[in-house]
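Below is one structure, written out as structure tokens, with a few remarks after it.
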Amino acid sequence: MLELSNVTLLCVETRDPQLAHWAIDRCLRETTFKNVVLITDLSRVSGQRSEIEYVQAPPISTTKDYSDFLLTGIDHYVKDSHVLIIQWDSFITHPELWRSEFLDYDYIGPVWPHHPKTPVGNGGFSLRSVKLLQAIKRPEFIKRHPEDFCICVDNKDFLETECHIKIAPMKIAEQFAVERSEWHDAFGFHGFFNFGRVLSNDELLKFLTMLPDSYLKGVDAFDLVDYLLANQQYQLATLIGARIQFTWKLRKRYLALKIKALVGR
């Protein structure tokens with residue numbers, strides 16, 4: 001059992017606390033933390049658990065609201081030096097790959113391959129220090145959406161130069177977690193599109209019974225279906241594809257998906 005006695009596990013999820021519980025449980029399988037915090041809509045929680053500290057979230061209806069909250073409102077829930085932030089689609093996969101030197105850094109998140117000049121990193125599964133949480137409250141820090149890009153790109157020079165914040169190098173970030181870079185074993189991961197890589201077929205089927213259709217509107221659902229098709233997991237791909245609803249923004253991906261279904265992929 002991995003003991004992270006100076007790390008708080010924290011999840012902000014207001015739409016569906018059941019999904020947050022699921023991701024938290026995946027993290028707690030072989031890892032213990034200083035404390036576990038779920039910031040959510042308490043009216044939607046059926047059965048609070050003693051090992052989790054529940055906090056009523058402010059109104060969060062958009063991803064910008066989420067960014068605003070993470071940039072202003074979480075430091076007082078962290079009881080030691082660091083916080084591991086997860087979302088419903090991220091969790092620990094290889095606790096044995098934890099390295100104590102991760103705590104030498106103030107921010108670590110999965111690499112962004114599409115931002116080669118500032119590759120670290122995504123906030124959906126990220127380790128952050130209390131020092132960082134306090135630094136982003138300084139008036140010189142410019143708050144923007146999305147919050148992870150705001151920290152790692154928009155304010156990178158200010159944080160590193162004026163606040164002596166250490167954002168992990170790419171090599172450390174790749175050891176910590178994986179998202180859109182080439183798939184490899186790491187301490188954790190982020191992204192629903194990676195669920196086919198980290199869950200067995202039975203686990204994924206069980207998860208899908210919990211997942212509302214409203215969570216299948218984005219590009220991540222299409223990417224997961226493409227991965228399943230490429231790996232000849234046709235039953236799962238068909239099950240998910242049938243639940244994806246048409247949206248004008250992703251009409252090309254939607255039509256391509258339906259064509260694949262028609263030709264028997």
**Study point:** Proximity of F125 and F176 rings by center, below 6.0 Å
**Key:** yes
Check your understanding: Parallel under 30°, tilted from 30 to 60°, perpendicular over 60°: which one fits the rings of F189 and F91?
Key -> perpendicular
Check your understanding: Would Y54 and H21 count as a close aromatic pair, with their ring centres under 6.0 Å?
Key -> yes
Check your understanding: Hey, is the main chain of Q134 close enough, under 3.5 Å, to the side chain of D75 for a donor-acceptor pair?
Key -> no
Practice item. Step through it carefully: locate the ring centre of H145, locate the ring centre of Y66, and say whether they are under 6.0 Å apart. Key: no
Exercise for review: Could you list the residues that satisfy salt bridge (charged side-chain N to carboxylate O under 4.0 Å, His left out) with D213, not counting sequence neighbours?
Suggested key: R243
Check your understanding: What is the distance from atom CG of D80 to atom OG of S129, rounded to the nearest 0.5 Å?
Key -> 11.5 Å
Point to revise | From CH2 (W22) to CD (E13), nearest 0.5 Å | key: 12.5 Å
**Study point:** side chain to side chain contact (heavy atoms under 4.5 Å, CB included) against Q18, all qualifying residues, sequence neighbours excluded
**Key:** D16, M210
Exercise for review: On the 0 to 90° scale, with breaks at 30° and 60°, tag the F187-F102 ring pair as parallel, tilted or perpendicular.
Suggested key: tilted
Point to revise | Side-chain (T8) to main-chain (V78) donor-acceptor, under 3.5 angstrom | key: no
Check your understanding: When the ring planes of F192 and F207 are compared, do they come out parallel, tilted or perpendicular, using 30° and 60° as the limits?
Key -> tilted
**Study point:** Separation between CG of L236 and CG of L228, rounded to the nearest 0.5 Å
**Key:** 5.5 Å
Practice item. Can you spot which of Q235, Q233, K206 makes a side chain to side chain donor-acceptor pair (under 3.5 Å) with N201? Key: Q233
